Trainee: 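Below is one structure. I have some questions about it.
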Number of protein chains: 4
Amino acid sequence: MADLTKRQKEIIDASINLIDENGIQNLTIKNLAQAMKISEPAIYRHFDSKLDILIAILDDFNNITGKSLNPAKQKPGSALEKIEYIFTSHMDIFTEKPSLAAVVFSEEIFQNDKKLSDTVYAIMKTRFKIITGIVKQGQTAGEIKSTIPPEQIALILTGSLRLIVTNWRLSGRAFSLKKEGKEFWETMKKLIV
Amino acid sequence: MADLTKRQKEIIDASINLIDENGIQNLTIKNLAQAMKISEPAIYRHFDSKLDILIAILDDFNNITGKSLNPAKQKPGSALEKIEYIFTSHMDIFTEKPSLAAVVFSEEIFQNDKKLSDTVYAIMKTRFKIITGIVKQGQTAGEIKSTIPPEQIALILTGSLRLIVTNWRLSGRAFSLKKEGKEFWETMKKLIV
Amino acid sequence: MADLTKRQKEIIDASINLIDENGIQNLTIKNLAQAMKISEPAIYRHFDSKLDILIAILDDFNNITGKSLNPAKQKPGSALEKIEYIFTSHMDIFTEKPSLAAVVFSEEIFQNDKKLSDTVYAIMKTRFKIITGIVKQGQTAGEIKSTIPPEQIALILTGSLRLIVTNWRLSGRAFSLKKEGKEFWETMKKLIV
Amino acid sequence: MADLTKRQKEIIDASINLIDENGIQNLTIKNLAQAMKISEPAIYRHFDSKLDILIAILDDFNNITGKSLNPAKQKPGSALEKIEYIFTSHMDIFTEKPSLAAVVFSEEIFQNDKKLSDTVYAIMKTRFKIITGIVKQGQTAGEIKSTIPPEQIALILTGSLRLIVTNWRLSGRAFSLKKEGKEFWETMKKLIV
DNA sequence: GATGAATGAGGGTTCATTCAT
DNA sequence: AATGAATGAACCCTCATTCAT
């Protein structure tokens, strides 16, 4: 997972940027080589195939956001604080590395290949469960309304986050992602507390 | 818009199916021709280019869902009823023609071409405004909590609807979209009323 | 030859125009049909094949310019007058129907097909002989210097005429073909008399 | 210009041969690949597009004949000698590489593309001016009749050269280009001195 | 006379990948 | 570790032509 060479990291970075620029169709070995100013076969020194690059991208995303998800679950603190932390850290990550959003919220990209689409779906499910779990904790602790199924709250949280990020991307990053995220979270709190 | 010939309709139907099966990369003229059991050049009798086919798909979607959106705005009735109608009719459309979802909620598909991606973004914005408008009506009428910005509610509605449909697709339609949609809407009502 | 129907004449006219606009590659049945506002199969009502259209174009040119060439040979009058007549009538024809030049002085066009290229070469040779014959008459009559081989004079006349017309076309008809032709002829007279 | 790789030179050579054989329509990537016994995509390692190949052909011709044109202008010696040199060296070039003639004197070939046709026209104009300049020098030096406009002489020279070469090609190289050229030049001298 | 629909052959071009150097 | 050269498969699209209506 994390045992990527420096060159491999550069390749997945360049790949994400290419996808961000013009979609998955823009990620070709030729473009990648040009962007990195190396030859095309050179890519194959570092990855066996294009598929492996895509898998590495997903792994990379998992590593980055995992840091905000997993600890959040165990760390002491109120459920609301945990959710807020997940929320804001995602916004931070995307703000810092906007191209990541293009890749991660576009399941379409990976639909091509069974292995990839399964991976994506698995990631989504894991995340969903973690958030649902935190919501449950919050309900048990009396922080969050108990009349609402926790899955529904997780659904709203995840779906809205995705849409905000998507809008942000499609608008050409015309607004502050962090601010918009914060506003939404304030609204959410009003609704679920 | 609606002045499509019978053959053109068949082509966009076949296109949507291909995209649904294996993503946009599966929509090639060759596959399309094979699916329709005609030759590749025959496609070009009916559409000038592949791009035109994609545009026709978007128009088609707009026509189908427009019927549920626009009347909903003007028709008398409570805002909640209107939103519910939009919600359920979308679920009905996707249940009936699941492949449509693959196309419509995958902005990525159209990212390739400036003209297309602009079209998609415009559609999204229009829809968002219509829903926001209905929510406002509901707030004025005292049906919906006034303490929450209407845009935020529209965001939640749209984002959640998208995610439900996406999950449904990625799960291989493992659950009832209509039922899941209904449950979500019941939850929403509890939150916003 | 001359037994072309009205529709056939329209087709070869439209063909010449298309070639003139963008070269022989612009002469496609599709473009032809569009230009004439009829369907593609309709063309085949009037000509068996595209090749037949090209042959008809050559015949047409032969008919038009033959009128100036053949009589010129037999008509009484000085050789210089005859040549001048041929010269000016060609300039008149091209000025009136500029697209004809694009077709007739581009042997390349017909290189594709043995039958066509032979036809073109035969036409060129016939013309050359006629002019050479007139020059000979002029030399016998003492109008033209006898020290110069008549073929060389015919070569100069034909070659220069072609180049003037070609320049005129490539320049976007930026100068008066008639005037330029007249000037050249005046120069020629000084040289050969 | 001259920084063509060995493989690139082979490609433009093969291209010129194909055009010579059966006209521009014979120059397809498929034919080119077959002639060179490599695959079609292999061509694209060396040229970005077919258009670039055509441009390289023109450049190549310019380089080859430029050697005879430019020095001729500055080198000391009588104007007649200079013109004769240009004339004979062109005949030599075409005799050695007959296919070049098919390409260079067929403006039609390049009519397809604005960029190409402009290039061809520019080349023609430059050549014409150089020859006109030399003629002027000859008139000033008293070698050439001063009563005739220098442009007209340049026109005759260029037009006749073109026609001789064209006839030679269309006849299937049935006569000696060098000899025919020499004869014509002898005639010209008689006329303009 | 004319048309809508269709097609086999072929056009230029891009793809991920391999291999000798 | 990197490259130049190459390739089979596939891409979108256009061609002249045919045929049923």
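In this text the structure is predicted, and so the values were computed from the model without any measurement. Just so it is clear: chains get the letters A, B, ... in the order the sequence lines come, proteins before strands, and each one is counted from 1.
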Trainee: Give me the atom names and distance for the closest heavy-atom approach of R169(D) to P98(D).
Mentor: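 Result for this residue pair: CD-O, 4.4 Å.
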Trainee: Where do N or O atoms of nucleotides 4-7 of chain E meet protein N or O atoms at under 3.5 Å, pair by pair?
Mentor:
from, atom 1, to, atom 2, distance (Å)
dA6(E), OP1, R7(B), NE, 3.2
dA6(E), OP1, R7(B), NH2, 2.7
dA6(E), OP2, R7(B), NE, 3.4
dA6(E), OP2, H46(B), NE2, 2.9
dA6(E), N7, R45(B), NE, 3.3
dA6(E), N6, R45(B), NH2, 2.9
dT7(E), OP2, S39(B), N, 2.5
dT7(E), OP2, S39(B), OG, 2.8

Trainee: Strictly distance-based, threshold 3.5 Å: is any side-chain N or O of N26(C) a donor or acceptor partner for the main-chain N or O of L18(C)?
Mentor: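 Answer holds: yes.
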Trainee: Round to a whole Å and report the spacing from CG of D52(B) to C1' of dC13(F).
Mentor: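 Rounded to whole Å, this separation is 13 Å.
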Trainee: Return the value, rounded to whole Å, for the distance between atom CG of L18(C) and atom P of dA16(F).
Mentor: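 Nearest whole value for this atom pair: 11 Å.
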Trainee: Could you give the OH-to-C1' distance, from Y44(B) to dA9(E), as a whole number of Å?
Mentor: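 Going from Y44(B) (OH) to dA9(E) (C1'), I get 15 Å.
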Trainee: Quick one: stems involving DNA chain E, counted as three or more successive Watson-Crick or G-U pairs, both distances short of 3.5 Å.
Mentor: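 If one scans DNA chain E for consecutive Watson-Crick or G-U pairs, the stems found are E:2-21 with F:2-21.
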Trainee: Using the closest heavy atom to pick a nucleotide of DNA chain F for each, name whichever of I29(B) or K30(C) lands nearer the 5' end.
Mentor: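 The residue whose closest nucleotide sits nearer the 5' end is I29(B).
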Trainee: Take the protein atom CD of Q8(C) and the nucleotide atom P of dG1(E), then report the distance between them rounded to whole Å.
Mentor: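 My rounded result for the distance is 11 Å.
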Trainee: Can we say K50(B) and E40(B) salt-bridge, meaning some charged N sits less than 4.0 Å from an Asp/Glu carboxylate O?
Mentor: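 No, K50(B) and E40(B) are not salt-bridged.
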Trainee: Residues in salt bridge (charged side-chain N to carboxylate O under 4.0 Å, His left out) with R173(A), at least two apart?
Mentor: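 Partners of R173(A) by the salt bridge (charged side-chain N to carboxylate O under 4.0 Å, His left out) criterion, ordered by chain and then number, come out as D20(A).
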Trainee: Just how far, in rounded Å, is C1' of dT3(F) from CE of M36(A)?
Mentor: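 Between C1' of dT3(F) and CE of M36(A): 15 Å.
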Trainee: Categorize L32(B) for me: base, sugar-phosphate, or nothing, with a 4.0 angstrom heavy-atom threshold over every strand shown.
Mentor: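 Since no nucleic acid heavy atom lies under 4.0 Å of L32(B), the category is nothing.
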Trainee: Counting the atoms with a prime plus P, OP1 and OP2 as sugar-phosphate, which does I53(D) contact under 4.0 Å by heavy atoms, base, sugar-phosphate, or nothing?
Mentor: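 The residue I53(D) makes no contact with any strand.
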Trainee: Measure from CG on D48(A) to C1' on dT17(E) and round the result to the nearest Å.
Mentor: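 Roughly 12 Å, once rounded to whole Å.
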Trainee: Is there a donor-acceptor contact under 3.5 Å from the side chain of Q34(D) to the main chain of N31(D)?
Mentor: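 Flag not set: sc Q34(D) to bb N31(D) has no pair under 3.5 Å.
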Trainee: Do D60(D) and K9(D) meet the salt-bridge criterion of a basic N to acidic O distance under 4.0 Å?
Mentor: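 Looking at K9(D) and D60(D), the cut-off is not met.
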Trainee: Given atom CD of Q25(D) and atom P of dC15(F), what is their separation to the nearest angstrom?
Mentor: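 In whole Å, dC15(F) P lies 11 Å from Q25(D) CD.
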Trainee: How close do I12(A) and F47(A) get, counting heavy atoms only, and between which atoms?
Mentor: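 Taking I12(A) first and F47(A) second, the nearest heavy atoms are CG2-CZ, 3.8 Å.
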Trainee: Classify the nucleic acid contact of L51(C) as base, sugar-phosphate or nothing, counting any heavy atom under 4.0 Å across all strands shown.
Mentor: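 Nothing, no heavy atom under 4.0 Å.
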Trainee: Which is more 5' along DNA chain F, the nucleotide nearest N31(C) or the one nearest K50(B)? Just name the residue.
Mentor: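 That would be K50(B).
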Trainee: Side chain to side chain contact (heavy atoms under 4.5 Å, CB included) for L54(C) and L58(C)? Distances and angles first, verdict last.
Mentor: CA-CA 7 Å; L54(C) 286 169; L58(C) 285 181; over 6 Å; no
Trainee: Kindly say whether T5(B) contributes a backbone atom to a donor-acceptor pair with the side chain of Q8(B) at under 3.5 angstrom?
Mentor: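 It does hold such a pair.
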Trainee: F47(D) has an atom CZ; how far is it from atom C1' of dT14(E), in whole Å?
Mentor: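 Spelled out: CZ on F47(D) to C1' on dT14(E) is 19 Å.
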